[in-house]
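Down below is the structure, laid out as structure tokens.
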Amino acid sequence: MNENLFASFATPTMMGLPIVILIIMFPSILFPSSNRLINNRLISIQQWLIQLTSKQMMAIHNNKGQTWTLMLMSLILFIGSTNLLGLLPHSFTPTTQLSMNLGMAIPLWAGTVFMGFRHKTKAALAHFLPQGTPIFLIPMLVIIETISLFIQPVALAVRLTANITAGHLLIHLIGGATLALMNISPSTALITFIILILLTILEFAVAMIQAYVFTLLVSLYLHDNT
């Protein structure tokens with residue numbers, strides 16, 4: 001219980017050097033590609049899930065938007081696998097770092113906005129000033145719409161960071177309480193342990209849902225700009 005509550009969120013190092021890059025690259029090992037004519041069950045299920053998700057997510061896009069299919073599928077696989085690996089004991093979750101999530105959100109958001117200004121310039125500019133706006137409200141609305149546009153990547157990153165961090169903190173607190181109560185009140189410790197198991201199952205769902213929500217919002221930004 002003397003362990004710092006936020007120690008699990010510190011960047012891991014080896015011989016004084018950060019190993020975040022190795023941790024970020026590790027999830028790619030979990031998705032091997034098969035060179036066989038007939039795939040095994042694991043790879044077949046993996047490919048079926050990817051195809052199902054891509055069809056559902058890219059159905060609303062035109063030809064320009066569908067060119068982002070590979071990037072969006074890679075994004076959801078990376079975030080989902082990273083979140084799930086972070087639930088393992090004594091592991092590090094890169095998606096709890098706001099800097100990393102901003103590093104994913106800002107380039108993707110900027111790419112969708114640039115595509116909008118390039119291919120749909122009038123429609124992109126029209127978002128800053130809705131039709132029928134009174135003249136005296138024009139300066140205020142332009143400022144509000146500009147702020148709302150630039151806050152989109154921040155909202156993406158903060159949402160992912162907050163949800164993953166909150167889940168890890170709850171697991172840490174309830175796990176510590178369970179250990180402390182084992183010698184004091186075994187019956188209470190059993191109840192907290194059951195709560196811990198249920199919370200862990202919930203966090204598995206949250207890990208996948210947050211990966212889907214992050215990618216879906218990027219897909220919606222792309223749809224608005226293509």
Side-chain angles (χ1 to χ4, degrees), residues 11-12 18-36 39-88 91-119 152-165 167-168 203-226:
T11 304
I19 56 174
V20 177
I21 296 179
L22 296 178
I23 297 174
I24 292 174
M25 294 174 61
F26 180 75
S28 61
I29 304 175
L30 302 177
F31 302 100
S33 58
S34 176
N35 296 324
R36 298 179 179 178
N39 297 325
N40 57 31
R41 291 185 179 88
L42 179 61
I43 295 180
S44 297
I45 294 174
Q46 171 188 315
Q47 292 178 349
W48 175 74
L49 289 174
I50 293 174
Q51 291 176 1
L52 181 65
T53 306
S54 61
K55 287 181 180 179
Q56 181 180 2
M57 190 172 296
M58 305 307 294
I60 60 175
H61 292 280
N62 55 20
N63 292 331
K64 292 179 182 177
Q66 289 180 359
T67 58
W68 284 53
T69 303
L70 180 60
M71 182 182 297
L72 293 180
M73 289 302 101
S74 301
L75 179 67
I76 191 173
L77 288 174
F78 171 73
I79 297 177
S81 58
T82 303
N83 291 345
L84 291 175
L85 288 174
L87 293 173
L88 297 175
S91 60
F92 173 72
T93 312
T95 47
T96 58
Q97 306 297 313
L98 182 60
S99 57
M100 174 179 166
N101 295 335
L102 284 172
M104 292 190 296
I106 291 178
L108 293 169
W109 165 84
T112 61
V113 172
F114 289 154
M115 284 188 67
F117 278 103
R118 179 180 179 183
H119 299 291
Q152 287 177 352
V154 180
L156 272 178
V158 170
R159 181 187 295 107
L160 179 60
T161 304
N163 280 281
I164 302 302
T165 303
H168 282 64
E203 283 304 307
F204 274 97
V206 169
M208 300 305 299
I209 291 172
Q210 288 304 315
Y212 181 76
V213 169
F214 189 97
T215 311
L216 180 62
L217 289 175
V218 174
S219 176
L220 293 177
Y221 297 156
L222 177 63
H223 177 257
D224 292 336
N225 289 280
T226 53

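On a predicted model such as this, the values are computed, not experimentally measured, just so you know.
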Euclidean distance, [Y] [atom2] relative to [X] [atom1], rounded to 0.5 Å:
X	Y	atom1	atom2	value
Leu216	Gln56	CG	CD	8.5 Å
Gln97	Ile164	CD	CD1	12.5 Å
Leu220	Thr215	CG	OG1	11.0 Å

* Qualifying residues under side chain to side chain donor-acceptor pair (under 3.5 Å), relative to Thr95, sequence neighbours excluded ->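 Testing Thr95 for side chain to side chain donor-acceptor pair (under 3.5 Å), a comparison that skips the adjacent residues, returns Asn83.
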* Only counting residues at least two apart or in another chain, list the ones meeting side chain to side chain contact (heavy atoms under 4.5 Å, CB included) with Gln152. =>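 Residues passing side chain to side chain contact (heavy atoms under 4.5 Å, CB included) with Gln152: Trp109, Leu149, Tyr221.
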* With sequence neighbours excluded, tell me which residues meet side chain to side chain contact (heavy atoms under 4.5 Å, CB included) with Phe117. =>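 With neighbours one apart ignored, the set is Val113, Ala124, Leu125, Phe128.
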* Do you know the tightest heavy-atom contact between Pro153 and Ala105? ->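 Distance-wise, the nearest heavy atoms are O-CB, 3.5 Å.
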* Asked: Heavy-atom count around Asn62 CG within 6.0 Å, excluding the residue itself: above 12?
  ->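 Atom CG in Asn62 is packed in, count exceeds 12.
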Report, one line per pair, each donor and acceptor closer than 3.5 Å where one atom sits in a side chain of residues 65-80; sequence neighbours left out.
{"residue": "Gln66", "atom": "NE2", "partner": "His61", "partner atom": "O", "Å": "3.3"}
{"residue": "Thr67", "atom": "OG1", "partner": "Lys64", "partner atom": "O", "Å": "2.5"}
{"residue": "Thr69", "atom": "OG1", "partner": "Gln66", "partner atom": "O", "Å": "2.6"}
{"residue": "Ser74", "atom": "OG", "partner": "Leu70", "partner atom": "O", "Å": "2.8"}

What donor-acceptor contacts under 3.5 angstrom involve side-chain atoms of residues 203-214, with partners at least two apart or in another chain?
none

* Distance-only donor-acceptor check, side chains His168 and Thr96, under 3.5 Å -> no
Listed pairs under 3.5 Å, donor-acceptor, residues 154-161 side chains, sequence neighbours left out:
{"residue": "Thr161", "atom": "OG1", "partner": "Asn101", "partner atom": "ND2", "Å": "2.5"}
{"residue": "Thr161", "atom": "OG1", "partner": "Ala157", "partner atom": "O", "Å": "2.8"}

